[in-house]
Amino acid sequence: MLGWDTDMFPNDVGLATYIMDVVLKQGGLAPGGLNFDAKVRRESTDVEDLFIGHINGMDTYARGLRNAARMQAEGTMGALVDERYAGYERTALGRKIVGGRT
């Protein structure tokens with residue numbers, strides 16, 4: 001989980017890839033950015049540890065961005081989603097969902 005007041009730096013490349021996929025699909029971050037909730041109540045308040053935490057968090061997002069860009073260029077995610085929801089075209093309800101009529 002990465003959200004409001006969790007005191008977590010991003011550390012899951014899979015989640016970062018999903019996040020960056022969405023960022024790319026919406027045309028980037030502007031206006032906005034990425035927020036790291038780094039407070040002194042962490043296990044370590046050492047400035048170097050906080051600095052390293054930020055570096056690791058940005059590296060995680062950078063790896064996610066590279067993954068998402070590659071997946072979009074190769075069509076990997078689109079193919080997986082198409083395959084997963086291919087059966088929706090076989091039923092009336094599925095066609096409504098795909099058509100945005102539910």
Side-chain angles (χ1 to χ4, degrees):
M1 181 171 133
L2 187 62
W4 182 252
D5 209 24
T6 61
D7 279 343
M8 292 173 59
F9 285 106
N11 57 19
D12 181 337
V13 175
L15 179 58
T17 300
Y18 173 75
I19 291 167
M20 289 299 152
D21 184 55
V22 172
V23 167
L24 289 173
K25 285 178 181 172
Q26 69 184 18
L29 291 171
L34 301 171
N35 180 32
F36 296 160
D37 189 12
K39 294 191 172 45
V40 293
R41 63 179 177 254
R42 300 185 167 282
E43 293 83 10
S44 172
T45 59
D46 185 73
V47 174
E48 183 178 355
D49 288 343
L50 291 173
F51 183 70
I52 291 169
H54 278 86
I55 291 170
N56 287 334
M58 284 308 301
D59 185 57
T60 300
Y61 276 135
R63 290 175 62 196
L65 179 61
R66 291 177 67 144
N67 291 344
R70 184 179 63 247
M71 290 172 70
Q72 284 186 11
E74 295 172 354
T76 306
M77 187 60 75
L80 290 172
V81 171
D82 290 346
E83 181 182 330
R84 169 65 178 92
Y85 295 105
Y88 275 41
E89 295 297 328
R90 293 187 211 126
T91 66
L93 176 59
R95 286 188 292 276
K96 283 183 182 179
I97 292 170
V98 170
R101 298 184 311 270
T102 58

**OP:** Supply the atom-to-atom distance Arg63 CZ to Thr17 OG1, rounded to the nearest 0.5 angstrom.
**Re:**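 OG1 of Thr17 is found 8.5 Å from CZ of Arg63.
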Subject >> Cluster link Tyr61 to Leu24, ILVMFWY, side chain under 4.5 Å >> reply: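 They do share one cluster, since a chain of ILVMFWY contacts under 4.5 Å joins Tyr61 to Leu24.
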**OP:** State which residues pass side-chain contact (heavy atoms from CB on, under 4.5 Å) with Phe51; sequence neighbours excluded, sorted by chain then number.
**Re:** Ile55
Subject >> Residues in side-chain contact (heavy atoms from CB on, under 4.5 Å) contact with Arg70, at least two apart in sequence or another chain >> reply: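 For Arg70, the residues satisfying side-chain contact (heavy atoms from CB on, under 4.5 Å) (neighbours in sequence not counted) are Asn67, Glu74.
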Taking only distance into account, with no hydrogens and no angle test, what donor-acceptor pairs under 3.5 Å do side-chain atoms of residues 77-102 form with protein atoms, sequence neighbours excluded?
| from | atom 1 | to | atom 2 | distance (Å) |
| --- | --- | --- | --- | --- |
| Thr91 | OG1 | Gly94 | N | 2.9 |
| Arg95 | NH1 | Glu89 | O | 2.8 |

**OP:** Give the other cluster members for Val47, using side-chain heavy-atom distances under 4.5 Å between Ile, Leu, Val, Met, Phe, Trp and Tyr residues; answer none if it is isolated.
**Re:**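 Joined to Val47, directly or through intermediates: none.
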Original post:
Rest of the hydrophobic cluster containing Ile52 (Ile/Leu/Val/Met/Phe/Trp/Tyr, side-chain heavy atoms under 4.5 Å)?
Top reply: none
**OP:** With sequence neighbours excluded, give me every salt bridge (Lys or Arg N to Asp or Glu O under 4.0 Å) pair touching residues 10-22.
**Re:** Asp21-Lys25
Subject >> Heavy-atom pair with the smallest gap, counting every atom of Leu65 and Met20 >> reply: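 Closest approach of Leu65 to Met20: N-CG, 3.5 Å.
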